[in-house]
Structures are given as C-alpha cells and as structure tokens.
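Keep in mind that this is a model prediction, so the values were computed, not measured.
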Amino acid sequence: MSTIKDPSASDTPAGRAIRPPRAGRSNGQWRIDGRKPLNPNEVVKQDGDPLGAHDRILSSYGAAGFDAIPDDDLHTRFRWWGLYTQRKQGIDGGRTAQLSPAELSDRYFMQRVRMDGQSLSVRQMRVLGQAANDFARGTLDVTDRQNLQMHWIQIESVPELWRRLEEVGLTTIEACGDTPRGFLVSPVAGIDPDEIIDPSAAAAEIRDTFLGNPDIANLPRKFKTAFTGSPTLDILHEINDIAYVGVEHPELGPGYDLWIAGALSTAPFLGQRLGTFVRPDQVTDVWWATIRLFRDYGYRRLRNKARLKFLMAEWGPKKFRQVLQDEYLGYELADGPAPAPPVGEADHIGVHRQKDGRYWIGGKPPVGRLSGDTMLGLADLAEAVGSDRVRTTPLQNILLLDVPAQRVDEAVAGLRKLGINPDPGPLTRSLLACTGLEFCKFAIVETKSLAARVSAELDTRLADLDLDRRISISVNGCPNSCVRIQIADIGLKGQIISVDGQQVPGFQVHLGGGLASAGHNEAELGRTVRGLKVAATDLTDYIERVVRRYAAARAPEESFSQWAQRAPQEELV
C-alpha cells in the first residue's frame with residue numbers, strides 16, 4: 001500500500017499521511033453534496049466555460065494586449081489552453097512565499113504543447129522550431145510528461161502561434177488546468193520488438209474523442225493518464241491517476257492491468273491496482289467511466305485535497321472498482337494478472353533495433369533543454385537519415401525513430417552535434433530538473449543550470465567507479481515534486497536553508513526512492529533524514545560523498561535505492 005506516514009522518528013518516508021477530508025460537512029462532491037462552489041476556483045469555473053478563453057484570446061486579447069485580460073481568465077481559464085504567466089525576472093526564491101501570484105507574475109507566458117504520445121514529423125519539428133525562435137526567444141523544453149514548453153510568449157503572439165500549431169496537427173488544449181492533462185504513452189509504442197501490446201491506437205482514440213469535451217472540462221483537479229505495453233514499464237504507471245499497463249491474460253490474450261490514483265506533490269500516494277483486466281475494446285469505456293467518477297465524487301472543498309488519490313485513500317481499491325463498474329461502466333471487468341517484473345532500460349537511450357528492422361536512437365538533451373535552432377537541426381537530421389519521426393519521453397529525452405541500419409552512425413553523430421547525447425555520462429543520463437526559479441512562480445531555487453553543472457562534475461569525479469546500476473537524480477525547485485523527487489535515488493527539494501546564520505538556496509534530500517524498474521520490482525518512496533539539508537553550492541560534494549559510500553558498502557547486485565533504504569543515517573549525511 002502507499003499511504004505515507006510521517007512518524008516522529010528522525011528518519012522518515014518522504015511525505016505526509018494521506019488523510020481524507022473531514023466527515024460531517026460538505027466536501028464539494030457533486031454526486032453527494034450538489035454543485036455549490038466551495039472555493040474561489042470552483043466559483044470561477046462555474047461562472048464561465050473554462051474553455052471559453054480560447055475565443056476571447058483570438059477575438060480580443062491578442063489585439064488589445066495584456067492589460068485587457070481580466071483576472072479570472074488570466075489566472076484560471078488560460079490554463080485550459082496551456083498558458084501560465086511566467087515568473088517575473090529578478091525575484092529571488094526567498095520572496096516566493098511572501099508575494100502574491102500577481103506580484104510574482106510577468107507579462108509573458110509559458111505555453112505548453114501537449115504530445116499524448118504522438119510522434120513529431122519533420123514538418124511539425126520545423127513549425128515548432130521556427131515558432132520558438134519567432135515568439136519564445138528560442139526557448140523550447142521537453143517536460144517530464146513528454147510535452148513541450150516555450151517561454152517568453154506575449155499574448156499578442158498567441159493567435160498566430162496557435163494557428164501554426166493547429167495547421168500541423170498540434171494542440172495546447174487542456175495542457176494545464178483541472179482537465180485530462182497530456183497522456184504519457186510509451187515512447188517505443190509500436191516499434192519495441194518485445195512489447196506486449198501497442199497502446200498507440202487506444203491513446204489516440206481517447207484523445208480524439210474526449211479532448212475539449214465540456215462534460216469533463218471542470219474536474220476537481222488535474223487528471224493524468226498513462227499507457228504502456230513495453231516490458232520496461234516506461235510511463236511511471238504508479239504515479240498517474242489512471243494507467244494502463246500491458247499484460248498477457250492466460251485466457252483473454254493481451255490487454256491491460258489497470259492502476260488508479262497515483263500522484264506525488266507534497267502528499268505522495270502510489271497508484272492502486274484494481275485487479276482488473278481491461279480488454280483492448282474496453283479501454284475507452286474504462287477511461288470515460290473513471291474520469292466521470294472523479295468528476296462526480298472527487299473532493300472540491302479544498303484544492304490541496306482534490307486529487308483522485310484522496311478519494312482512493314478513503315474508499316480503497318475494492319470500493320472504487322465496485323462503484324466504477326456499477327455506476328459508470330454498467331458491466332464487470334474480468335480479473336487479471338499483475339505486470340511481470342520490468343526488464344530493460346526504460347529511458348530508451350542509445351541505439352536499439354525496432355521490430356521492423358530499422359533503429360531508434362535515444363538521446364539526452366541537457367536537463368531537457370532544446371531550443372528553436374536545435375529543433376530545426378533535428379528536423380534536418382531526421383530528413384537526412386531517412387526518418388520522419390521523433391518522440392519525447394517522460395525522462396526528458398528525445399528518440400529519433402525509423403533510422404535505416406546504414407545511417408545509424410550518421411544519426412548518432414548528428415544527435416551528438418545537436419547536444420542530444422546518445423551516450424551521456426551515468427549521472428547525466430538519469431538526471432531530471434524542473435523549470436525552477438528562472439520561469440516558475442512556485443520555485444524557490446534555481447534548477448536547470450545548477451543540475452547540468454552538477455551532473456557534469458559528478459560524471460568527471462566519479463569516472464573511476466563502476467556504476468553498473470543507474471543512479472537517478474531529480475532536482476526540484478519547490479515542494480511540488482514536478483520531477484518526482486520522492487521516487488528518485490537522490491531527490492532534491494528546493495528550499496531556503498540556513499548555513500552559518502546565512503539564508504542560502506539549498507535542498508532537502510530524499511534518498512532511495514524508485515518506481516518499478518529492472519532490478520527494482522516494486523515502487524518505493526524515498527526516505528528523508530531529518531536535518532539533512534544541503535546548500536546548492538555543496539551539492540556536487542554531497543552527492544559524490546554518498547555515491548562513494550554506496551559503492552564501497554553495497555552488497556552484490558544491490559541498487560543505490562536498496563542500499564539507501566537500509567543504510568544507517570550517518571552514511572547518508
């Protein structure tokens with residue numbers, strides 16, 4: 001189970017207990033309490049169509065400018081179209097909690113483009129790269145949900161940006177907000193020779209059928225979806241609201257094991273198996289039933305208790321399955337097997353043979369950072385080597401697909417020249433970093449450039465070690481865990497800390513987390529050691545020290561997370 005306790009001992013799991021909202025009062029569950037809004041966000045969502053800002057941007061704000069945008073649209077409904085105001089430059093992290101969102105917000109936007117597992121064609125890459133250069137000062141990042149983000153967007157540019165994206169089949173709809181967010185789909189769906197089932201068509205059917213549907217445009221909070229048929233279990237199924245994991249049923253053939261209600265943030269909760277088998281022809285029904293269950297029964301009184309995990313914590317998997325079947329599906333799902341223990345590398349880095357005999361090549365952009373020019377160069381490279389597809393991954397990587405055998409060396413060299421490394425150092429390979437202080441209004445510390453520098457230093461310093469097991473590092477600028485600090489080998493939560501009486505940027509350390517992966521069959525949240533906080537300037541020294549202790553003390557075949565979970569506290573500081 002995955003309820004995370006926080007006992008008074010000095011060494012604790014990384015999170016707080018999941019507690020359902022208080023009984024005996026309205027918690028805003030539409031099916032039970034009615035639809036009276038109980039907080040300002042719910043009022044705004046009911047006062048006007050959450051998707052309605054789209055037309056106003058095109059007809060009014062794009063021409064009239066930033067000052068014409070009312071607060072309800074600016075700070076709420078714009079999110080339904082992937083737009084957030086970005087952080088005003090020059091505000092240090094120590095002031096993040098002291099200032100209002102309006103004081104922290106700049107007149108520029110982050111624009112998120114959702115991917116939903118689709119590949120980018122050469123034409124789409126060129127449109128994205130040119131748009132980043134024209135409207136976003138060249139910025140273009142891969143997120144840890146496979147999406148793409150631009151920064152420095154002005155409202156006057158949005159209508160033309162959207163026109164270009166839509167012309168090539170890309171969208172920003174429901175990329176943020178209390179909506180069905182962008183889907184995670186195995187980056188090797190349809191090409192992995194070992195996959196159990198290809199989920200591409202299932203994901204596309206749900207996307208094409210339900211995105212923008214007003215019946216699910218006002219959820220209690222965001223709703224995250226994931227699909228994989230890969231034996232690497234490469235889409236973080238334990239931390240999504242709904243996840244379909246490919247399995248082989250002994251009687252019914254290939255289909256999916258269903259996982260529900262995983263999420264991290266400040267109260268982590270691992271998804272629960274319902275024990276059901278979902279046939280390929282039932283995937284859409286089950287998704288539609290689950291998201292409506294969340295809409296109707298999810299808590300809406302307090303936003304920090306509105307994710308689906310809080311409902312699951314109260315109900316448990318057995319009741320959840322029964323309500324899902326009885327009230328929303330109208331039929332029972334078959335019982336089914338759990339996924340097999342994962343095998344292979346879930347990051348898909350390097351050169352790999354596809355099931356059709358061609359190759360995919362996975363590369364690591366530094367901390368997920370691309371640029372307009374990099375994307376344009378990637379389009380040229382793909383075209384030159386006979387490919388028309390690249391995909392993004394949940395680990396902020398890029399996969400170049402369909403490369404003929406005779407062009408592999410050329411493709412590898414081309415990716416390396418673009419800064420998308422197909423053979424990164426071991427610490428850089430497993431590094432994630434969120435947007436951080438540069439653009440994010442929630443951030444307390446800088447992340448991207450710090451993480452890139454630290455990982456490069458570590459790869460040099462630790463070159464003498466034989467790190468045959470991956471060690472993942474996640475650098476997060478605030479407590480919200482956008483890059484999943486509780487499930488990293490070394491998770492770093494940004495905060496302002498005191499060093500010799502001075503307030504400096506630093507990190508609380510989480511150690512020994514991980515989802516199911518090769519050699520780590522079950523998900524486990526990292527532990528924290530009370531008082532263990534590291535200044536940003538000391539980060540390289542700290543990580544080198546703890547990794548060397550692991551290398552010296554590990555048992556045969558023991559991963560870093562296994563060692564960190566059992567090691568005495570003095571070995572972790």
Side-chain angles (χ1 to χ4, degrees), residues 18 20-21 26-54 72-73 75-84 112 114 116 145 147 171-184 203 206-207 209-226 239-243 258-265 267 269 271-272 284-315 320 323-324 327-329 480:
I18 293 281
S26 172
N27 286 307
Q29 294 172 279
W30 281 3
R31 190 105 174 194
I32 297 171
D33 303 313
R35 297 197 178 192
K36 179 181 178 180
L38 299 179
N39 65 54
N41 285 85
E42 291 296 314
V43 170
V44 169
K45 290 190 291 180
Q46 290 198 29
D47 275 353
D49 174 12
L51 290 165
H54 176 275
D72 285 356
D73 277 351
H75 297 301
T76 303
R77 298 186 191 101
F78 271 26
R79 299 176 188 176
W80 272 245
W81 293 93
L83 286 169
Y84 278 99
R112 183 175 296 155
R114 61 184 293 160
D116 302 306
R145 289 198 63 81
N147 297 313
T171 185
T172 72
I173 189 171
E174 296 178 329
C176 308
D178 298 344
T179 67
R181 298 284 188 94
F183 305 162
L184 293 185
I206 293 172
R207 167 195 164 106
T209 303
F210 295 115
L211 284 197
N213 186 322
D215 287 343
I216 52 170
N218 179 1
L219 302 176
R221 285 294 300 273
K222 57 191 172 186
F223 183 85
K224 296 182 176 182
T225 302
I239 57 168
N240 281 268
D241 292 287
I242 184 170
L258 189 64
W259 293 64
I260 298 290
L264 293 178
S265 192
F269 189 86
Q272 308 290 288
T284 299
D285 282 353
V286 169
W287 189 89
W288 179 236
T290 303
I291 200 168
R292 288 182 295 128
L293 185 158
F294 177 44
R295 177 197 64 191
D296 297 344
Y297 282 107
Y299 305 123
R300 294 174 181 259
R301 182 182 185 88
L302 301 172
R303 284 187 64 77
N304 64 354
K305 290 186 179 292
R307 290 292 301 275
L308 185 58
K309 61 186 175 182
F310 291 96
L311 183 65
M312 179 63 83
E314 180 185 6
W315 282 8
F320 194 100
V323 173
L324 179 71
E327 297 186 23
Y328 291 90
L329 268 179
N480 287 329

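Arg221 and Asn41 form no side-chain donor-acceptor contact under 3.5 Å, judged by distance and modelled atom types alone.
For the pair Gln272 and Ile260, the minimum side-chain heavy-atom distance is 4.5 Å or more. Taking 4.5 Å as the limit, every side-chain heavy atom of Leu302 sits out of range of all side-chain heavy atoms of Asn39. A 4.5 Å side-chain heavy-atom check between Arg35 and Asn218 finds every atom pair outside the cut-off. Looking at heavy atoms from C-beta onward, Arg295 lies in side-chain contact with Arg300 at the 4.5 angstrom threshold. A heavy-atom distance below 4.5 Å is not found between the side chains of Phe210 and Pro180. Taking 4.5 Å as the limit, some side-chain heavy atom of Lys45 sits within range of a side-chain heavy atom of Trp80. Between Arg112 and Arg145, the closest side-chain pair of non-hydrogen atoms is not below 4.5 Å. A heavy-atom distance below 4.5 Å is not found between the side chains of Asn240 and Trp259.
In this structure, the separation between CZ on Phe183 and CH2 on Trp287 is 5.0 Å, given to the nearest 0.5 Å. Within the model, atoms CD of Glu174 and NZ of Lys222 stand 14.5 Å from one another, a figure rounded to the nearest 0.5 Å.
Remark: Trp81 engages His54, Trp162 in a ring pair (Phe, Tyr, Trp, His ring centres under 6.0 Å) (not counting sequence neighbours). Take Arg303 and apply the salt bridge (Lys or Arg N to Asp or Glu O under 4.0 Å) test, not counting sequence neighbours, and it matches Asp178.
Under the 4.0 Å criterion applied to side-chain N and carboxylate O atoms, Asp241 and Arg307 are assigned as salt-bridge partners.
At distances below 3.5 Å, at least one donor-acceptor pair connects side-chain atoms of Lys309 with backbone N or O atoms of Leu264.
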